[in-house]
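Shown next, in structure tokens, is the structure this report addresses.
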Amino acid sequence: IAPASPGRWLLKLDKWATFRQAGAIGDGITVAGNRERIQAALDATVSVHDITGENNPVPSFRLRAGAGTFLIDGRLLATKNNICIDGEGEGNTFIKCANTVVINEIIRFREAYWCELNDITIDGGLPFRATRTETYGADIGIKWDQAAYFRSRNCTVQNVRITAREATHLWESWFNNSSSLSCGWFATAERFGGDWNFTGQRKESTTFPGAESNEIYVDKHSSNCIGSLVICDGSAAPVSNFKITELIGEGRTYTSDMPGLHQDYIYISGMSNGINISGYCYAHAQTFTGDAAYINFFNSGIGCEINL
């Protein structure tokens, strides 16, 4: 008990805390205050913001979500190193966009190194079979904006308006047992959607120039999105050595889901190199929309290999 505050307990956020200790309510109904309280826990950690000095590979602060559906009405922003967000399983812990707002992303890791996101579902808030009339939801599930040494296991992104996972300057990171489901319903000809998108757009970090990503390993990934599995638009954000192994994919780029977008399933361009994707993909029997290709190597670099 703090002597200066009679009758009050002070919670010291040292090595770990929970969403509920921060005041967030995971009943799938409550919205008000949830984002602010989870954000306050992220901001109050003892971790540091330093992406130019020596890094510590052990997460120094673990934020335990606990079981429940935590509705938020704005994005979460992690800007410190060594923050780990742990759920209690993809079917038990959800961070979900409320059905009252449209937001840019559920969570952004900006200038944050050695962070983790485990055993959790990031939900954009749309119904699994959207009608494209919804006036709510998150455009992006997870955004990396100058992030490195990121680790993630057992993480699902689902029901997002445009892109499940978007990366600008993501380096030397590892993902295990991930899924992307029913994302991409609100893609446009100017902004393609789907699963993984490497792009220089929507960048906020100003520490380093450019937007390239490199050395990213995805092991055991399931993808069932509207649009592309991978977009490496190397003209703006070249990618080197991106690897997906043991992919289980279900391509849904056909007319009934994506009218008139001409979106390729795998698009590698602008001297992106070392792109290696292997596994199994069922692309359905329908014809792809317009002139869309299953795999499009457009001025790509060396060392690319697709085995599906």
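Nothing fancy with the numbering, it's 1 onward along the sequence.
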* **Arg151 to Trp114, cation-pi by 6.0 Å centre distance and 45° axis angle** => no
Results of side chain to side chain donor-acceptor pair (under 3.5 Å) for [X] - residues two or more places apart only:
X	value
Asn99	none
Glu105	Arg75, Arg108
Asn34	none
Ser240	Asn273

Would you confirm whether [X], through its side chain, and [Y], through its main-chain N or O, come within 3.5 Å as a donor-acceptor pair?
X	Y	answer
Thr188	Glu190	yes
Lys80	Asp43	yes
Asp27	Thr30	yes
Ser213	Leu170	yes
Asp264	Ile266	no
Ser272	Val239	yes
Ser173	Ala148	no
Thr18	Ala65	no

Are side-chain N/O atoms of [X] and [Y] paired as donor and acceptor at under 3.5 Å?
X	Y	answer
Glu111	Thr207	yes
Glu90	Thr121	no
Asp233	Thr199	no

* Asked: Any side-chain heavy-atom pair from Cys304 and Ile302 closer than 4.5 angstrom?
  ->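 No, side chains not in contact.
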* Any chance you could lay out the side chain to side chain contact (heavy atoms under 4.5 Å, CB included) test for Cys115 and Asn81, step after step, and finish with the verdict? => CA-CA 6 Å; Cys115 293; Asn81 296 352; 5.7 Å; no
* Asked: What residues join Val31 in its hydrophobic cluster, counting side-chain heavy atom gaps under 4.5 Å, either direct or through other members?
  ->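 For the cluster that includes Val31, the remaining residues are Leu71.
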* Hey, what else clusters with Trp174 if you join Ile, Leu, Val, Met, Phe, Trp, Tyr whenever side-chain heavy atoms sit under 4.5 Å? -> Tyr217
* Check the pair Ser178 / Val218 against side chain to side chain contact (heavy atoms under 4.5 Å, CB included), numbers first and verdict last. => CA-CA 8 Å; Ser178 56; Val218 181; 3.8 Å; yes
Atom of [X], atom of [Y] and distance for their closest heavy-atom approach:
X	Y	answer
Val157	Gly141	CG1-CA, 3.9 Å
Tyr265	Glu250	OH-N, 4.1 Å
Ile142	Cys155	CD1-SG, 4.1 Å
Leu126	Tyr136	CD2-O, 3.5 Å
Ile38	Ala24	CG1-CB, 3.8 Å
Pro127	Glu134	CG-OE2, 3.5 Å

* **Candidate pair Asp86 and Asn118, rule side chain to side chain contact (heavy atoms under 4.5 Å, CB included), full reasoning** => CA-CA 5 Å; Asp86 288 326; Asn118 303 315; 3.2 Å; yes
* To do: Kindly indicate, with the supporting measurements, whether the criterion side chain to side chain donor-acceptor pair (under 3.5 Å) is fulfilled by Thr245 and Asp219.
  => CA-CA 5 Å; Thr245 61; Asp219 180 38; 2.9 Å; yes
* Between Trp171 and Tyr113, how do the two ring planes meet: parallel, tilted or perpendicular, split at 30° and 60°? -> tilted
With sequence neighbours excluded, what pairs up with [X] under the salt bridge (charged side-chain N to carboxylate O under 4.0 Å, His left out) test?
X	result
Asp119	Arg153
Lys143	Glu166
Lys203	none

* To do: Decide yes or no on salt bridge (Lys or Arg N to Asp or Glu O under 4.0 Å) for Arg161 and Asp139, but give the supporting numbers first.
  => CA-CA 5 Å; Arg161 293 171 63 89; Asp139 286 343; 3.1 Å; yes
* Enumerate the residue pairs fulfilling ring pair (Phe, Tyr, Trp, His ring centres under 6.0 Å) with a member in residues 81-107, sequence neighbours excluded, ordered by first and then second residue. => none
Would you say [Y] ends up clustered with [X] if hydrophobic residues are merged whenever their side chains have heavy atoms under 4.5 Å apart, either directly or through other cluster members?
X	Y	result
Val230	Ile295	yes
Ile306	Ile216	yes
Leu76	Ile140	no
Val160	Val101	yes

* Asked: Would you say Phe297 has more than 12 foreign heavy atoms packed within less than 6.0 Å of its CZ?
  -> yes
Using a 3.5 Å cut-off and no angle test, enumerate the donor-acceptor pairs between side-chain atoms of residues 191-198 and protein atoms at least two apart in sequence or in another chain.
| from | atom 1 | to | atom 2 | distance (Å) |
| --- | --- | --- | --- | --- |
| Asp195 | OD1 | Ser180 | OG | 2.7 |
| Asp195 | OD2 | His221 | NE2 | 2.7 |
| Asp195 | OD2 | Ser223 | OG | 2.8 |

* side chain to side chain contact (heavy atoms under 4.5 Å, CB included) evaluation trace for Cys232 with Ile275 -> CA-CA 9 Å; Cys232 298; Ile275 312 300; 4.1 Å; yes
* Structure fact -> Hits for ring-ring contact (aromatic ring centres under 6.0 Å, His included) against Phe150, two or more places apart or cross-chain, chain-then-number order -> Phe109, Trp144, Phe175
